[in-house]
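Okay, structure first, notes after.
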Amino acid sequence: MRKYLYCEAGFIEKPNWLPHCWVNVECPTQEDFDFLQNTLKVPASFLHDIADTDERPRTDTEGNWLLTILRIPIQTPQDKVAYTTVPIGIITNNEIVVSVCYHSTEMIPDFIEHTRRKGINVPNKYELILRLIYSSAVWFLKYLKQINNEVSCAEKELEKSIRNEDLLRLMNLQKSLVYFNTSIRGNETMIGKLGNIFNEKDYQNSELTEDVLIELKQAHNMVNIYSDILTGTMDAFASIISNNVNTIMKRMTSLSIVLMVPTLIASFYGMNVDIHLEHIPHAFSLIALISVCLSVTALIIFRKIKWF
């Protein structure tokens, strides 16, 4: 699906393509590919690069075309890893600006609506890329808050009962933080590269560039903080699980020793030898009572040393 967006105090959707308008393509169809390659003459190699889900933030050129790949966050509730990042490519030349993402995102519609609401004017392609990076940092922070809330919920569940599902949930959230950390650092590196590419005076906007860097650094710091907290939480619950296993093993050992006493006595009297109790009335009851007393004594001793 593609949209033609022209900046008029915010991006306004147009029915047809106009020079210098922004063509936003999400989840492209074959019709979209035909339009990009046949009408706009976008290099096919750029489209193939963007399709790679593992593509890192970078720039590439082909003729007068420039490809800028960024990583943006998305939420995928149906997957095990609920938060991840995907590549978005911004393809530009003198009068064409195209963004291509093979996944549906919340960030792009929110960015377009934000420009309309605030009446933001985006005068050139460099500023569009900067504002997209800025928007990605905002959404990184938003998803990080959601991840932190999910970690808190998982901790509360684990305090009640340690289940494998909750531990796997924390592990998947930790994976999301790793993806976020790598993508934010890659986008931050792109700021310097883009500054060298768009070094003409007409493209310079030091205030916006500084704001983008501040937002990215804040997102990077938040990722590190949450990652450290989650790592500490996982280590703490691993220690708790290990301690619980040790406690259970001590109890099982104590129980086996308590049950071993009557078994040992029964083994002695089960031997084919003279036990000198044949003529004593109620000999079986006496032996059973002695066994019970010895087991209770062993149990009391283990309770005192807190083994049971």
Side-chain angles (χ1 to χ4, degrees), residues 1-26 28 32 35-36 40 42 46 50 57-61 64-74 86-101 104-142 183-184 186-216 218-219:
M1 182 181 69
R2 66 182 182 271
K3 293 181 180 180
Y4 308 108
L5 302 161
Y6 198 80
C7 190
E8 297 174 355
F11 283 102
I12 307 299
E13 187 172 352
K14 298 291 184 179
N16 298 304
W17 179 80
L18 298 172
H20 303 291
C21 78
W22 169 26
V23 182
N24 178 46
V25 183
E26 282 192 350
D32 296 327
F35 172 79
L36 294 176
L40 299 184
V42 173
F46 286 177
I50 301 169
R58 64 180 180 85
T59 60
D60 194 8
T61 58
N64 63 341
W65 290 93
L66 171 67
L67 169 65
T68 304
I69 296 180
L70 309 173
R71 300 287 299 190
I72 61 175
I74 63 169
V86 295
I88 180 173
I90 299 95
I91 306 170
T92 61
N93 68 4
N94 295 331
E95 60 177 15
I96 296 175
V97 179
V98 178
S99 65
V100 180
C101 184
S104 179
T105 70
E106 296 179 273
M107 188 196 90
I108 298 297
D110 178 74
F111 169 71
I112 295 171
E113 180 60 30
H114 175 73
T115 61
R116 294 173 184 170
R117 188 172 58 252
K118 297 292 185 179
I120 297 174
N121 182 41
V122 182
N124 54 62
K125 52 192 175 183
Y126 176 51
E127 187 161 324
L128 173 62
I129 297 174
L130 286 180
R131 290 193 179 276
L132 286 174
I133 297 175
Y134 187 91
S135 182
S136 72
V138 171
W139 276 91
F140 274 121
L141 290 170
K142 181 177 180 178
S183 299
I184 291 171
N187 289 351
E188 193 173 1
T189 304
M190 287 298 300
I191 301 295
K193 293 182 179 179
L194 291 171
N196 294 329
I197 295 172
F198 297 98
N199 54 10
E200 292 89 350
K201 186 177 180 180
D202 295 339
Y203 291 123
Q204 296 305 310
N205 190 336
S206 57
E207 184 177 351
L208 176 60
T209 303
E210 184 178 358
D211 290 341
V212 174
L213 287 172
I214 291 173
E215 202 72 15
L216 283 173
Q218 181 181 355

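Counting from 1, the numbers follow the sequence of the chain as shown. Model, not experiment: these values are computed from the prediction.
- Nearest heavy atoms, R71 versus P87: NH1-CD, 3.4 Å.
- A distance of 8.0 Å separates CD1 of I197 from OG1 of T61, quoted to the nearest 0.5 Å.
- Across all non-hydrogen atoms, the minimal contact from S135 to F111 is OG-CB, 3.8 Å.
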| message | I'd like to know whether T68 forms a side chain to side chain contact (heavy atoms under 4.5 Å, CB included) with K193, so could you lay out the CA-CA distance, the side-chain angles of the two residues, the decisive distance to 0.1 Å, and finally the verdict. | response | CA-CA 10 Å; T68 304; K193 293 182 179 179; over 6 Å; no
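- A donor-acceptor pair under 3.5 Å links the side-chain atoms of T115 to the main chain of F11, judged by distance alone.
- A distance-only check finds a donor-acceptor pair linking the side chain of N93 to the backbone of E95 [under 3.5 Å].
- The CH2 atom of W22 lies 5.5 Å from the CG atom of L128; values are rounded to the nearest 0.5 Å.
- Counting only heavy atoms from C-beta outward, the side chains of E26 and P109 approach each other to under 4.5 Å.
- The side-chain heavy atoms of F198 and L66, taken from C-beta on, include a pair separated by under 4.5 Å.
- Atom-to-atom distance recorded for I69:CD1 and R58:CZ is 4.0 Å, nearest 0.5 angstrom.
- Heavy-atom contacts from other residues, nucleotides or ligands closer than 6.0 Å to OH of Y6 number 12 or fewer.
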| message | Pair H20, V97 - check side chain to side chain contact (heavy atoms under 4.5 Å, CB included), show working. | response | CA-CA 7 Å; H20 303 291; V97 179; over 6 Å; no
| When you look at L132 and I108, which way does the side chain to side chain contact (heavy atoms under 4.5 Å, CB included) test go after all the steps? | CA-CA 8 Å; L132 286 174; I108 298 297; 3.9 Å; yes
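- Within 6.0 Å of atom CD in E8, more than 12 heavy atoms from other residues, nucleotides or ligands are found, so the atom counts as buried in its surroundings.
- Here the NZ atom belonging to K3 is positioned 11.0 Å from the OG atom belonging to S99, to the nearest 0.5 angstrom.
- By the 4.5 Å heavy-atom criterion applied to side chains, I90 and V98 are not counted as neighbours.
- Separating the CD atom in E127 from the CG atom in L208 is a distance of 5.0 Å, to the nearest 0.5 Å.
- Taking the side chain as every heavy atom from C-beta outward, L70 and I133 approach each other to under 4.5 Å.
- Nearest heavy-atom pair, D32 versus P28, reported as atom, atom and distance to 0.1 Å: OD2-CA, 3.5 Å.
- Residues S183 and P57 approach most closely at O-CG, 4.4 Å, considering heavy atoms.
- Between F140 and E215, every side-chain heavy-atom pair lies at or beyond the 4.5 Å cut-off.
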| request: Could you please spell out the steps behind the side chain to side chain contact (heavy atoms under 4.5 Å, CB included) verdict for E106 and I74? | output: CA-CA 7 Å; E106 296 179 273; I74 63 169; over 6 Å; no
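- By the 4.5 Å heavy-atom criterion applied to side chains, H114 and I120 are counted as neighbours.
- Looking at every heavy atom in both residues, V86 comes nearest to C101 through CG2-SG, 4.1 Å.
- A donor-acceptor pair under 3.5 Å is absent between the side-chain atoms of N187 and the main chain of L216, judged by distance alone.
- With a 4.5 Å cut-off on side-chain heavy atoms, V23 and L40 count as touching.
- Side-chain contact of T92 with W65: a donor-acceptor pair under 3.5 Å is absent, judged by distance alone.
- Closest approach of W139 to D110, counting heavy atoms only: NE1-OD2, 3.2 Å.
- Rounded to the nearest 0.5 angstrom, L194 CG and L130 CG are separated by 6.5 Å.
- A heavy-atom distance below 4.5 Å is found between the side chains of C7 and N121.
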